[in-house]
Amino acid sequence: MSTAASPLHIAAVESPDQPVVSPALVELYRGFESELLVPLWTEIGDLMPAHPRSRAVPHRWRWQALRALAEQAGDLVPVGRGGERRAIALANPALGGRPFATPTLWAAIQYLMPGEDAPEHRHTQHAFRFVVEGSGVWTVVGGDAVPMNRGDFLPQAGWNWHAHHNATSEPMAWIDGLDIPLQYVVDAQFFEFGRDTISEAERITPERSRSERLWAHPGLRPLAATPTGPGTPLLSYKWEHTDRALADQLALATDGQAGCVAPGHAAVRYTDPATAGDVLPTIRAEMHRITRGTETAPVRETGSSVYQVFDGSGTVTVGDATWTVTRGDLFVVPSWLPFSARSEAGASDSDSGALDLFRFSDAPVFEALRLHRTQTHSKDD
Ligand code: GTQ
Ligand code: FE2
């Protein structure tokens, strides 16, 4: 009688830290395999390394290439119920062809043609949109129409109904960030279809959403509004505020006042106005401005990040990889690989003359689990 082949293979290898290979040892290992058992001693180096060795690798995607393919998809692929979104995800080359930018994060370019609607749905995955170019799409979250313009960051916590509609005669592209790979690996996902089309009353195009009118006043909390569910009640963080915060940080530093994270490097984190914590339970988002000629000190952290160049150009180094980057380009920083960036003159010259980097990461997960570690090196280390 033959039993089904065991999916396990435990290799008996000659190695100083492994038991002596003998016919009896090989037979022991076959016994483990047929009972679906794995000993720690053959696996420990992979399972319990001295420090994180990410399965993901550093990689850069060029915005021009993404954008051109998204345009082609706009002509060839309808958006509607079932497929839900014309979203094209970054696939880390070391994650088995899955649409995972990192082990925890999804990053995609989404594209909506003039007049198109992306149908309503909701899911437990936490999400955001970030706009590097264009305008004309409103995302309707829980009936609140939120405009999308260059530089705006739009978080949207899990289980909110949402649809998108392009109200103009131009196509629009933006990026989505979600915790899809995290929820996939921990089996946490729920999903529901909503209405196929949003109501005419929701097909409005206000300059500011209801959420902004309630929550976008610095330091002022509306007394009668109670955030429901996890995540920030503010659905859009507009570029004018982010830009001014970064410019003010740099100007203060020029006056000899503290404020920047390092000379020539200003940064802000998007936060929940009701808690001052991260905007989403699983995703942290930040904007960094690095002035022309400045190079940041290498930093490594547990957890992974995805960056998009919002403006300017420069050179970034992630572990052993170094790339030039310019407006719209995306790249990933796997766990515990050192990251540094240098701002340089290039093809696209930003308004501020600086390199502006939008960043999102899984840091809230690592912090909540008390697994977050950071290490900064000086440039000469
Ligand atoms: O826009 O609702 O990139 O549900 C992936 C899943 C976008 C969205 C994505 C989604 C969405
Ligand atoms: Fe969605």
Side-chain angles (χ1 to χ4, degrees), residues 61 63 66-67 69-71 73-74 77-92 95 98-113 116-132 134-149 152-167 171-185 188-198 202 209 211 229-232 235-236 279-283 285 306 308 328 330 332 358 360 362:
W61 288 260
W63 179 249
L66 257 69
R67 165 87 224 210
L69 289 164
E71 274 170 30
V77 183
V79 59
R81 188 52 86 207
E84 299 297 294
R85 300 292 185 259
R86 191 185 290 113
I88 307 154
L90 309 186
N92 191 291
L95 295 178
R98 304 292 297 164
F100 302 159
T102 79
T104 54
L105 299 170
W106 163 282
I109 180 172
Q110 186 170 161
Y111 198 76
L112 217 48
M113 300 287 275
E116 270 185 342
D117 276 359
E120 189 181 54
H121 66 207
R122 65 175 176 178
H123 39 72
T124 48
Q125 289 88 350
H126 302 294
F128 72 80
R129 336 260 157 232
F130 180 71
V131 185
V132 75
S135 60
V137 169
W138 273 256
T139 181
V140 183
V141 181
D144 193 8
V146 194
M148 294 171 64
N149 292 293
D152 295 349
F153 169 71
L154 298 93
Q156 176 223 294
W159 215 237
N160 285 293
W161 292 110
H162 57 285
H164 318 305
H165 69 101
N166 187 335
M172 183 179 170
W174 66 89
I175 65 158
D176 301 309
L178 290 92
D179 59 3
I180 290 173
L182 173 72
Q183 295 209 22
Y184 179 86
V185 79
Q189 320 96 319
F190 291 87
F191 183 100
E192 284 180 2
F193 294 127
R195 298 162 300 168
D196 287 349
T197 48
I198 54 170
E202 287 161 312
S209 59
S211 85
T232 175
L235 298 177
S236 177
V279 284
L280 297 169
T282 54
I283 297 177
V306 179
Q308 185 175 34
L330 293 125
V332 291
F358 172 75
F360 68 103
D362 52 14

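Only heavy atoms go into these numbers, but all of them, side chains included; no hydrogens, no water, no symmetry mates. We count ligands from 1, going down the list as the structure has it; atoms in each ligand are counted the same way. Note that the numbering runs from 1 along the sequence shown for the chain.
- Nearest-heavy-atom check against atom 10 (C) of ligand 1 across Glu120, His123, Arg86 picks out His123.
- Proximity of Arg129 to ligand 1, defined as any heavy-atom pair under 4.0 Å, is confined to the side chain (atoms from C-beta onward).
- Residue Phe190 qualifies as open at atom CZ: its count of foreign heavy atoms under 6.0 Å is 12 or below.
- Residue contacts with ligand 1 for Gln125 are absent, since no atom lies close enough (heavy atoms, distance under 4.0 Å).
- Looking at Arg81, its side chain does come within 3.5 Å of a backbone N or O of Glu120 through a donor-acceptor pair.
- Given atom 1 (O) of ligand 1, the protein heavy atom at minimum distance is His164 NE2, 2.7 Å.
- If you check which protein heavy atom lies closest to atom 8 (C) of ligand 1, you get Arg85 NE, 3.0 Å.
- The single protein non-hydrogen atom nearest to atom 9 (C) of ligand 1 is Asp176 OD2, 3.5 Å, given as residue, atom name and distance.
- Using a non-hydrogen distance threshold of 4.0 Å, Gln156 does not register as a contact of ligand 1.
- Remark: side-chain polar atoms of Glu71 are not paired, donor with acceptor, to backbone N or O of Leu69 under 3.5 angstrom.
- Using a 4.0 Å heavy-atom cutoff, Gln110 is listed among the residues neighbouring ligand 1.
- Here the side chain of His126 pairs a donor or acceptor atom with the backbone of Gly158 at under 3.5 angstrom.
- Within the 3.5 Å criterion, the main-chain N or O of Thr282 finds no donor-acceptor partner in the side chain of Asp179.
- Centroid-to-centroid, the aromatic rings of Phe128 and Phe358 come within less than 6.0 Å.
- Atoms of ligand 1 found under 4.0 Å from any heavy atom of His121, numbered from 1 in the order shown, are 2 (O), 4 (O).
- Using a 30° and 60° split on the angle between ring planes, His164 and His162 fall in the tilted class, from 30° to 60°.
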Check step by step if side-chain hydrogen bond (donor to acceptor under 3.5 Å, both in side chains) holds for Thr124 and Gln183. CA-CA 8 Å; Thr124 48; Gln183 295 209 22; 2.9 Å; yes
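- Arg86 places a side-chain N or O within donor-acceptor distance of the main-chain N or O of Val77, the cut-off being under 3.5 Å.
- Of the possible polar contacts, one joining the Arg85 side chain to the Pro119 backbone as a donor-acceptor pair under 3.5 Å is found.
- Not less than 6.0 angstrom separates the ring centroid of Phe360 from the ring centroid of Phe130.
- Sorted by chain and number, the protein atoms of type N, O or S within less than 2.8 Å of the Fe ion (ligand 2) are His121 NE2, His123 NE2, His162 NE2.
- Of the protein's non-hydrogen atoms, Leu178 CD2, 3.9 Å is the one closest to atom 6 (C) of ligand 1.
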